[in-house]
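Here is the structure we will look at.
Basis for what follows: all heavy atoms, side chains included, without hydrogens, waters or symmetry-related copies.
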Amino acid sequence: MFESLPVSAGLALALIAGLLAAFFARRARAAETALAEARAHFERSFRLLPELLTLSRLDDARLVDVNDNWVTVLGCSRQESLGRSSVDLGLWQQPAELAEIHAELLAGKEIADRPVRLRTRGGEPLETRLRAHLLRSGKQAYVLAAFRDVTAQLRLEHAQQAAAEAQRVSEAMFSAAFHSSPDCIIISRLADGKILEVNRAFMQLTGWSRDAAIGASALSLGLWPFPEERAAMVELISDATALRDFPCTFGTAQGEGRDCLFNASPVSIAGQTCLISIVRDITEQKRAADRLQESQAKFATIFNSAPCALALTRIADRVYLDANPAWEKLFGLGREVVVSRTTGELGFWVDPETYDAIYASLATGDVLQQQEVRLRVPGRNEIATCLISARRLPINHEDCALWSLVDITELRRIQAHIEELNQSLEARVTERTAELTAALETLRHTQEELVRSEKLAALGSLVAGIAHELNTPIGNSVTIATTLAASTEELAREHAAGALRRSSFDNFTHNARSATDLLMRSLLRAEELVRSFKQVAVDQTSEQRRRFDLGEVLHEMAITLSPMLKNTPYTLELASTESISMDSYPGPLGQVLTNLVSNALQHAFDGLEHGHIVVTTRPVGNDKVEIEFADDGVGIPHANLRRIFDPFFTTRLGRGGSGLGLHIIYNLVTCVLGGNITVFSTPGTGCRFVLTLPLTAPASPGDGQAPGTDPNLDVRLNFEHEGPII
């Protein structure tokens, strides 16, 4: 290319070429020098960097170079390391990680701050963070790896985390203890008492809410009802590092004062002196202690003032711990003589085996009840008999026994004397019993005779009344019949003499009609009286059971009793409105009505100008009837109501009253008729007897014989079974 140029141009070109060659030579030498310097600088940096640096081939992981920290930290020399894999050197805790890192580098991934765990040649673990790059030189690929040792950093972080966790746990524990403490806890400033924090127990104790308490002072909330106590507390805590169990009165929101123990410790919070105060409410404990002290005082008072001998012993060694004045009086020994000694030492027991048995029984049981023992009492010539009782109880953490003794020596002597008297009196009692039995039998017969006499007297009164009542119609009938006979004889004489006139005959006929009318009415009245009395008399004398209509029987009784009410200002009214059929004993029922009417005339209307008796019947259910006998008399005093059915009880003793009328009624109603009778009375307003009878009387024990009757007697009363007895 240069051959066609002129010589001068050729020289110029040669010169330029020389100059360029010289220039590039200098540049090449400069580049080589810079490269050598850069290599030297890289090698110095590679050696001196604080990380652990390695340069290894990618294909077999053999180390090409390592820096100084690699040798220093891992303890593996440079000569030992080069040409060998770090896995072969045993420096990887998990060798599989190296293959994973090479695979990621081949895949083009960046390795930065990857946690890798190595170990030194001494076996100590080493925590590192890896940065790796893939380098290529020609056909050979290399891996430049930088391991940053973070072992100390991790240890510091773990320590910080542990400290933070410990602080968190401590704060949680303090918070839990603070809020769940059963005692009231207050955090406050010492200077002015301003409350900074309170727990739940504070709210329960004082009644103040947390919002109301925080920011307020203890004095403004009334927590110190006695400010001098807080002043004393502040003074005490200023002289000491802590205050323990300071007794004080703590106020509540309701104005109540609680007995408390105040504990406080000063603590610095945000540069200020504060108090952590723990307030324990001991109000209930103090009350319990007061009650215990009061109980102990009561026990001591009862123990010392008890009239029976009391002593206290320790069960383990049987030593006396105390004795009361009654015990000192019984044994004639002072308390100071027996305390700290045993009963066995004092020689009180006559039977030592009994002494041992009693303590053995207390070992298995808690109570010994009144066991009779024999004791030697100083100053007495005789053996004393005592009743001993014991109760097991703990005193001052010791198993003790409280003993009581009652001297029954004199009682046993009296009992023996009484037994002797009883033996001597047995014969006399037997004799007197026989006499009393005979007297009781005589009295029983007398009572039966009196009852029979009472019934016969009532029947006799009916007979007398009926007889008196019959005198009038029968007397009238006799008079009318005599007059009619005389008139008939006169008419016959006139007719025989032929002097019979028509006027005389008409007059005789008129008089005969009037006479026969009067005669018929008188005879009908007599017939009614005789028929009623006949039925009543048959019922009361035979006491046969039959079916009857209650209204008809009461009507017949009213007719029979009418002579008793005649010529008196007293009336008897039957207010029965229904027909009631009964299967019972009409005789005893009539006797009851007779006695009630007689009792009313004798007692209810005594001294009254008028009186009215009403007998009312009404059914009760389907099987009973109620008969009410009511009068408007003077009534019965309340004190006599419970005794009116007693035999021989009367308010007219000596004035015609036998005291058996109502007793007979009670027996007939309850025993014969199978019912019951009740009485209601208010003095001044009259009296009501209410009979409740079954429509069908109870079956009689004999044929046609009323219960409670004897076939040979009108009435037989059993005072043990048929009614009340005094």
Which side-chain N or O atoms in residues 198-206 pair as donor and acceptor under 3.5 Å with protein atoms at least two apart or in another chain?
residue	atom	partner	partner atom	Å
Asn199	OD1	Ile185	N	3.0
Asn199	OD1	Phe202	N	3.1
Asn199	ND2	Phe178	O	2.8
Asn199	ND2	Asp183	O	3.0
Arg200	NH1	His179	O	3.3
Thr206	OG1	Phe202	O	2.8
Thr206	OG1	Trp208	N	3.2

Set of side-chain hydrogen bond (donor to acceptor under 3.5 Å, both in side chains) partners for [X], sequence neighbours left out:
| X | value |
| --- | --- |
| Gln370 | none |
| Ser86 | Trp92 |
| Glu124 | none |
| Asp211 | none |

Expected list for residues 284-292: side-chain donor-acceptor pairs under 3.5 angstrom, two or more places apart:
residue	atom	partner	partner atom	Å
Glu284	OE2	Arg287	NH1	3.1

Acceptor/donor pairs from residues 352-360 side chains to any protein atom, 3.5 angstrom cut, sequence neighbours excluded:
residue	atom	partner	partner atom	Å
Asp356	OD1	Arg318	NH1	2.9
Tyr359	OH	Thr313	OG1	3.1

Write out all pairs satisfying ring-ring contact (aromatic ring centres under 6.0 Å, His included) with one or both partners inside residues 298-317, taking only residues at least two apart or from two chains.
->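 Found Phe299-Phe303.
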Using the ring-ring contact (aromatic ring centres under 6.0 Å, His included) rule, collect all pairs that involve residues 122-142, keeping only residues at least two apart or in two chains.
->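 Matches after skipping sequence neighbours: none remain.
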Enumerate the residue pairs fulfilling side-chain hydrogen bond (donor to acceptor under 3.5 Å, both in side chains) with a member in residues 266-277, sequence neighbours excluded, ordered by first and then second residue.
->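 Matches after skipping sequence neighbours: none remain.
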Taking only residues two or more places apart in sequence or in another chain, which ones pass ring-ring contact (aromatic ring centres under 6.0 Å, His included) with Trp327?
->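 Testing Trp327 for ring-ring contact (aromatic ring centres under 6.0 Å, His included), a comparison that skips the adjacent residues, returns Tyr320, Phe331, Phe348.
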Pair Glu157, Gln161: side-chain N/O donor-acceptor within cut-off below 3.5 Å |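 Side chains of Glu157 and Gln161: no pair found under 3.5 Å.
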Pairing residues for Glu294 by the salt bridge (Lys or Arg N to Asp or Glu O under 4.0 Å) criterion, not counting sequence neighbours |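 Residues passing salt bridge (Lys or Arg N to Asp or Glu O under 4.0 Å) with Glu294: Lys298.
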